[in-house]
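The sequence lines fix the lettering, A, B, ..., with proteins before strands; numbering per chain opens at 1.
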Number of protein chains: 2
Amino acid sequence: MTDPLTAQRPRPRKRPQQARSLATVEAIVEAAARILEAVGHGGFSTNAVAERAGVSVGSLYQYFPRKEALVGALIVREKNRLIEDARAAASRPAGTDALVAVIEACVGHQLRRPALARLLDFEEARLPFDAEIHRSAAALNTLVSGLLERPDLPRQPDTPTAAADLLAIIKGMIDAAGERGETGEVPLVDRVRRAVLGYLGAGA
Amino acid sequence: MTDPLTAQRPRPRKRPQQARSLATVEAIVEAAARILEAVGHGGFSTNAVAERAGVSVGSLYQYFPRKEALVGALIVREKNRLIEDARAAASRPAGTDALVAVIEACVGHQLRRPALARLLDFEEARLPFDAEIHRSAAALNTLVSGLLERPDLPRQPDTPTAAADLLAIIKGMIDAAGERGETGEVPLVDRVRRAVLGYLGAGA
DNA sequence: AGCGGAAGCGAGCGATCGCTCGCATCCTAG
DNA sequence: CTAGGATGCGAGCGATCGCTCGCTTCCGCT
């Protein structure tokens, strides 16, 4: 046993230094994603992930100190992809346009891998506190908060709460649609837009 | 092994016939609830549930053919409680009043045991098809669909979809609030009402 | 009282899982 | 070429878990 304060063993970001190790890490994370969305939490074992990734368990544990860290890395990867899209969407000049574009980004993201997205949303709430994950979540909230203060959108009494509510509405509606098997982006975006603008008090 | 078509082993509803066995079943279900909301899916073992309930594993398996059936019974119990409250709320004469009362019922239900409610929502989507669970879910949707056709609420192009959207909005907002640690019912109900009426196209 | 079914028990089987560790292999620098 | 660090390997340990089964105890009946 090493010093429990400083130790924590090699975390993934502990720089895989050669090209092949980077490929290994990516393969492991993607294998985790595939297994999670195929069979859910049951059957999601480190042995299964390693096999699917074509590496050994030993290699897996070189980059992820425990199973949870693997899920954490997956959450961060997916959330960062979403944030990237959302940031691009938010750059539109008009506030309403930007907001709708962010909705489109969320719908697109969640509809691309519905089972995975829904499962990771849940894991994010369940997993023990993780700094990097919280940072990602906060980034999305901050982005929406910024949008809400654009002059052409109705001012909200409590911007951060409103931003959190909007994200909850968006996530809730998309998850439910995904469960129902909905696959068409357009009508879903329409309905989410109605809900969001309705919440804000802006006429459609 | 018995006939796989008809058998399925004693299901819970297979009439516990004496008073003490009813108490046993209730103790098991409540123990399952307590463990789930305390530690989540990890650590939720049949051994742990039995111990917490003060019975033996053997007794547990007399009433629940497998672990999942226990979770299923818990889902049905909780959902039926919610539906009962919602039905009472929906009996109000004015459509808008009834809708707001249903929202209050949902908020009250979910805020009473937030972790449990959120986890069961997720399990409900994850678990294999179960007729009784689906019946409960459909009942809630039907109830809201009925509300949406009251004359004083704006007519929707697709009532069942609108009902599903509303329930998704409500569930999403409440879950998010619960995660954030919100405990006050009143402001949350207010915000959910704004989102719901906004979606429907009715002025607040 | 005493019988028979209902209810309850809990040691333990077989399987799985998270994770370790000693070692082989690959790559880069000098 | 060679040394040494980086990377990869996988058998297997220890623990846990779902679930069974042979048994005892309880209770309503006649």
How about B/Glu84: does its CD atom have over 12 heavy atoms from other parts shown lying under 6.0 Å from it?
no
For atom CZ of B/Arg180, decide whether the heavy atoms of other residues, nucleotides or ligands shown that lie under 6.0 angstrom number more than 12.
yes
So does [X] get a side-chain nitrogen or oxygen closer than 4.0 Å to the phosphate oxygens (OP1/OP2) of [N]?
X	N	answer
A/Thr46	C/dG18	yes
A/Tyr63	D/dG8	yes
B/Ser21	C/dA7	yes
B/Thr24	C/dA7	no

Can you tell me how far [atom2] of [N] sits from [atom1] of [X], to the nearest Å?
X	N	atom1	atom2	value
A/Leu70	C/dG18	CG	C1'	12 Å
A/Tyr61	C/dC23	OH	P	22 Å
A/Leu22	C/dC27	CG	C1'	15 Å
A/Leu60	C/dC21	CG	C1'	16 Å
A/Phe64	C/dC17	CZ	P	19 Å
B/His41	D/dG18	NE2	C1'	12 Å
B/Glu51	D/dT16	CD	C1'	14 Å

Nearest nucleotide by nearest heavy atom, which residue falls closer to the 5' end of DNA chain D, B/Asn47 or A/Val55?
A/Val55
State which of [options] makes the closest approach to the side chain of [X].
X	options	answer
B/Lys67	D/dC19, D/dG8, C/dC19	D/dC19
A/Ser59	D/dC17, C/dC19, D/dC9	D/dC9
A/Gln18	D/dG18, D/dA6, C/dG18	D/dA6

First locate atom CZ of B/Arg112, then atom CZ of B/Arg81, and finally report the distance between them rounded to the nearest 0.5 Å.
9.0 Å
So, for B/Arg118 and B/Asp175, which heavy atoms are closest and what is the spacing to 0.1 Å?
CB-OD1, 3.8 Å
Heavy-atom donor-acceptor pair, B/Gln62 side-chain to C/dG8 base, under 3.5 Å
yes
5'-most contact on DNA chain C: B/Val57 or B/Arg20, nearest heavy atom basis?
B/Arg20
When you match A/Ala48 and A/Gly58 each to their closest nucleotide on DNA chain C, which lands nearer the 5' end?
A/Ala48
Side chain to side chain contact (heavy atoms under 4.5 Å, CB included) partner of B/Phe64, the single match among B/Val49, B/Val71, B/Val25
B/Val25
